[in-house]
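A quick note: this is a predicted structure, and the numbers were derived from the prediction, not measured.
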Amino acid sequence: MAPTGKLSGFRREGSDWFCNGGLPSDITVSIEGVTFHLHKFPLVSKSGKFAKANDESKDTDKKTLKMVLEEFPGGPDTFLVAAKFCYGYRVELTARNVVSVHCAAEYLEMTDEFGEGNLLSKSESFFHKNILRNWKDCILALQSSEPVLHRAEKLQLVGKCLNALSMMVCTDPSLFGWPMMMYGSFQSPGGSILWNGINTGARIRSSESDWWFEDISYLSVSLFERLIKTMQARGIRPENLAGAIMYYSRKHLPGLGRWQGGQGGKTRTVASFSLTPATVDQRVLLESIEKLLPDKKGKSYCRFLLGLLRVALILNVSQTCKDSLERRIGMQLELATLDSLLIPTYSDSDALYNTECIEQIVHYFVSTESNLTAFSPSSHDQQTPASPSSESLRKVSKLIDSYISEIASDVNLKPGKIRRLADALPESSRLLHDGLYRALDIYFKAHPWLSDREKEELCNIIDYQKLSIHACAHASQNDRLPLRVVLQVLFFEQLHLRTALAGCLNALDGEIATAAPVPVTTLGETAGEIVQRDGWVTVVRENQVLKVDMDRMSSRVGELEEEFSKIKQEMKSVAKCHSSRSSPRFVARKIGCKLVPRPSDAQPESLNRTGSTPRASIERARRSLKSKHSESFT
């Protein structure tokens, strides 16, 4: 920073600096191993600290005064600027050195008491007139204040820079003469090219734009945190603050940016080329960022929080930070997506995904009353209105069912984890349990070694009355389900069918009673429409055909039994008198009974061969059907 050579009035020899005045040095100043061989008069006339040291040294016989300046702000380079000022040489104040020079002038007590226009007043005037009115210089000054941050805060230089930046962010840039002051002769915040300092006509972005995100991302974590808090106090919109925080996080936390779909890095501004990238501790950064996050909700904001939680698990941040992130996500879980919930396990666990984290998020969703409001419509996100609790529950239940289905193929996933995830939501959250059935079917397929007992315990999470007809039809033919579960599904399938038929008949009776007489074809069409509305048209038609066939067969069997009993009585009476004429056909011809074979009738010979009556066969079928229903019910 300091110029070298004879023209500057000072020369350097190794770690020593000498004045080119030609007079022997009578004072040496040592700062961080660098020694300055100077003269008392110029220093004492401008600095109160050197004046006091000189007065104290008059009582000694030492010709050369030796001083060691501990913790000098800015180090040897800044002291060289102060020494040149004392010797009357021209010094150049810039945005990069004005803070350290001002702190050094205060340390050396270079006030106007020792000469009008001393270094302290000059640096303070330059700071207020030049630095606080220019965006780029203010950022540079704030960034260069890191080495002297404690003393700069005591002199209120840091606070003034933060307030100035906050004011410029929430104010129209055109009021400050931008883009000429801020962006030089290259481009405006809106992207227009400036020709000879003349704006080409592009519209300058307003305070709602993100032109300042890139510049403040070069600040350290502590200064960025203080700047965001200052902006919050000034009333800057939460969506702008959230955007700046998200941009800063994506820049300094590797891997986080790829979880922000469609939100790439911004183009660098002209001001950013003058800045030095900050070196940050990622763990400290994440824990600090979490405290700055606004209590709002939004789709991309929820996705960012889930990505932040993923990085937090990798960095092993404090438990308080993880709990806070999980709570924030749980309060807007209905806005999350499936891919963002698939957080891998970064510990020594055999499972692929971190289900404990998701379980805790669901717990916060159920137990915490969400009073978050969405970002304003002017933000970059497409925000959805706040949903009722019942609708949010249904969305989250579908999301969790899809999540269980996605992780069910993991061979190391324990049944207890699936059960805890399914039971984390209340029973009223699921109108249908088809999602749970699908998840268990995938789990049973990936874990064929499970016993029927384990499968039955896991199937207890399903309410079979909430299975759709398609799920029931699939489950009744699913070989991976235990037999007891299949029987229960069949029972409730019949119960669904009976309920649907009863509702259909009641609807038909109501329409017939209230409507005028209509043709039979019209009634049939109306019934068909009602059944079709319930989604049971095929099943109802098949059962109607079966019912008609059963009635027809029952009446025919009754006729056959009566005829068979008459034949037996005639055979007994004839056998007493004519034992040799005991043929059934002979007796039938004698009594005038002519047996005409029919396609649907059973032949007497076949009846005699089987040794059982048709009535007995029907009774056995009915008892078998009844035993199946009772077993299914049990």
Side-chain angles (χ1 to χ4, degrees), residues 297 299 302 306 326-338 340-342 355-374 384-408 413 415-444 455-475 481 484-485 488-500 502-503 533-536 633:
K297 62 192 303 183
K299 287 185 178 180
C302 181
L306 284 164
E326 290 170 353
R327 179 186 60 82
R328 291 176 183 272
I329 297 169
M331 296 175 69
Q332 50 186 315
L333 185 57
E334 69 275 8
L335 301 177
T337 56
L338 177 60
S340 59
L341 286 181
L342 296 174
T355 57
E356 290 82 3
C357 181
I358 303 302
E359 182 182 349
Q360 190 66 22
I361 290 174
V362 176
H363 170 72
Y364 281 119
F365 170 77
V366 175
S367 60
T368 307
E369 183 178 357
S370 178
N371 55 359
L372 299 182
T373 57
T384 55
S387 303
S389 58
S390 58
E391 185 178 351
S392 299
L393 279 173
R394 287 195 292 269
K395 288 182 179 180
V396 172
S397 64
K398 292 181 180 179
L399 180 64
I400 296 302
D401 291 349
S402 301
Y403 175 79
I404 299 175
S405 300
E406 190 69 26
I407 67 174
L413 184 63
K417 293 185 176 181
I418 288 186
R419 188 179 186 91
R420 288 195 296 270
L421 280 172
D423 292 340
L425 290 171
E427 296 181 359
S428 60
S429 62
R430 294 181 175 92
L431 298 180
L432 289 176
H433 279 209
D434 291 8
L436 283 179
Y437 167 71
R438 176 176 175 270
L440 292 187
D441 185 39
I442 297 174
Y443 186 76
F444 293 156
K455 290 182 179 180
E456 289 176 3
E457 291 178 354
L458 200 54
C459 286
N460 289 335
I461 64 177
I462 299 178
D463 186 356
Y464 302 104
Q465 298 187 52
K466 293 185 177 181
L467 289 178
S468 66
I469 185 63
H470 303 289
C472 287
H474 186 277
L481 294 180
R484 187 184 298 274
V485 174
Q488 290 180 350
V489 171
L490 288 173
F491 172 77
F492 285 107
E493 184 180 11
Q494 294 296 323
L495 189 62
H496 282 320
L497 182 60
R498 188 176 303 173
T499 304
R533 283 199 301 267
D534 293 337
W536 297 83
F633 179 78

Kindly give the heavy-atom pair with the smallest separation between [X] and [Y], and that separation in Å.
{"X": "Pro426", "Y": "Val366", "answer": "CD-CG2, 4.2 Å"}
{"X": "Ala475", "Y": "Val489", "answer": "CB-CG1, 3.8 Å"}
{"X": "Ala422", "Y": "Ile461", "answer": "CB-CD1, 3.9 Å"}
{"X": "Ile400", "Y": "Leu421", "answer": "CG2-O, 4.0 Å"}
{"X": "Ala439", "Y": "Ala408", "answer": "O-CB, 3.7 Å"}
{"X": "Leu341", "Y": "Tyr403", "answer": "O-CE1, 3.5 Å"}

- Excluding sequence neighbours, so at least two apart, what forms ring pair (Phe, Tyr, Trp, His ring centres under 6.0 Å) with Tyr443?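 Only His447 meet the ring pair (Phe, Tyr, Trp, His ring centres under 6.0 Å) criterion with Tyr443.
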
- Task: Return the set of residues passing side-chain hydrogen bond (donor to acceptor under 3.5 Å, both in side chains) with Ser429 (not counting sequence neighbours), or none when no residue passes.
- Result: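 Partners of Ser429 under the side-chain hydrogen bond (donor to acceptor under 3.5 Å, both in side chains) test: none.
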
- Message: Would you say that more than 12 heavy atoms from the other residues, nucleotides or ligands in this model lie under 6.0 Å from the CZ of Arg327, or not?
- Response: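 Above 12, so yes.
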
Mind checking the [atom1]-[atom2] spacing from [X] to [Y]? Nearest 0.5 Å is all I need.
{"X": "Glu391", "Y": "Leu393", "atom1": "CD", "atom2": "CG", "answer": "10.5 Å"}
{"X": "Phe491", "Y": "Gln465", "atom1": "CZ", "atom2": "CD", "answer": "8.5 Å"}
{"X": "Arg438", "Y": "Leu436", "atom1": "CZ", "atom2": "CG", "answer": "11.5 Å"}
{"X": "Leu342", "Y": "Ile407", "atom1": "CG", "atom2": "CD1", "answer": "8.5 Å"}

- Task: Could you please spell out the steps behind the side chain to side chain contact (heavy atoms under 4.5 Å, CB included) verdict for Thr355 and Ile418?
- Result: CA-CA 9 Å; Thr355 57; Ile418 288 186; over 6 Å; no

- Results of side-chain contact (heavy atoms from CB on, under 4.5 Å) for Thr337 - residues two or more places apart only: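 Expected list: Arg303, Asp339, Ser340.
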
- Task: Please list, chain by chain and in numerical order, all residues satisfying side-chain contact (heavy atoms from CB on, under 4.5 Å) with Ala424, sequence neighbours excluded.
- Result: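 With sequence neighbours excluded, Ala424 shows a side-chain contact (heavy atoms from CB on, under 4.5 Å) to Val362, given in chain and number order.
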
Taking C-beta and beyond as the side chain, do [X] and [Y] meet within less than 4.5 Å on heavy atoms?
{"X": "Phe365", "Y": "Ile329", "answer": "no"}
{"X": "Cys357", "Y": "Glu326", "answer": "yes"}
{"X": "Val485", "Y": "Ile462", "answer": "no"}
{"X": "Leu481", "Y": "Asp441", "answer": "no"}

- Message: Strictly below 4.0 Å, N to O, side chains only: are Glu334 and Arg394 in salt-bridge contact?
- Response: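 Looking at Glu334 and Arg394, the cut-off is not met.
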
List in chain and number order the residues that pass salt bridge (Lys or Arg N to Asp or Glu O under 4.0 Å) with [X], two or more places apart in sequence or in another chain; answer none if no residue qualifies.
{"X": "Asp463", "result": "none"}
{"X": "Lys455", "result": "none"}
{"X": "Glu406", "result": "none"}

- Message: As a quick check of understanding, evaluate side chain to side chain contact (heavy atoms under 4.5 Å, CB included) for Glu356 and Lys417, giving each step before the final call.
- Response: CA-CA 8 Å; Glu356 290 82 3; Lys417 293 185 176 181; 3.4 Å; yes

Using distance only, find each side-chain donor-acceptor pair of residues 466-473 under 3.5 Å and give its atom names and separation, not counting sequence neighbours.
residue, atom, partner, partner atom, Å
Lys466, NZ, Glu427, O, 3.3
Lys466, NZ, Arg430, O, 3.2
Ser468, OG, Asp434, OD2, 2.5
Ser468, OG, Ala471, N, 3.3

- Message: By the salt bridge (charged side-chain N to carboxylate O under 4.0 Å, His left out) test, which pairs, at least two apart or in different chains, include something from residues 357-366?
- Response: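 For residues 357-366: Glu359-Arg420.
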
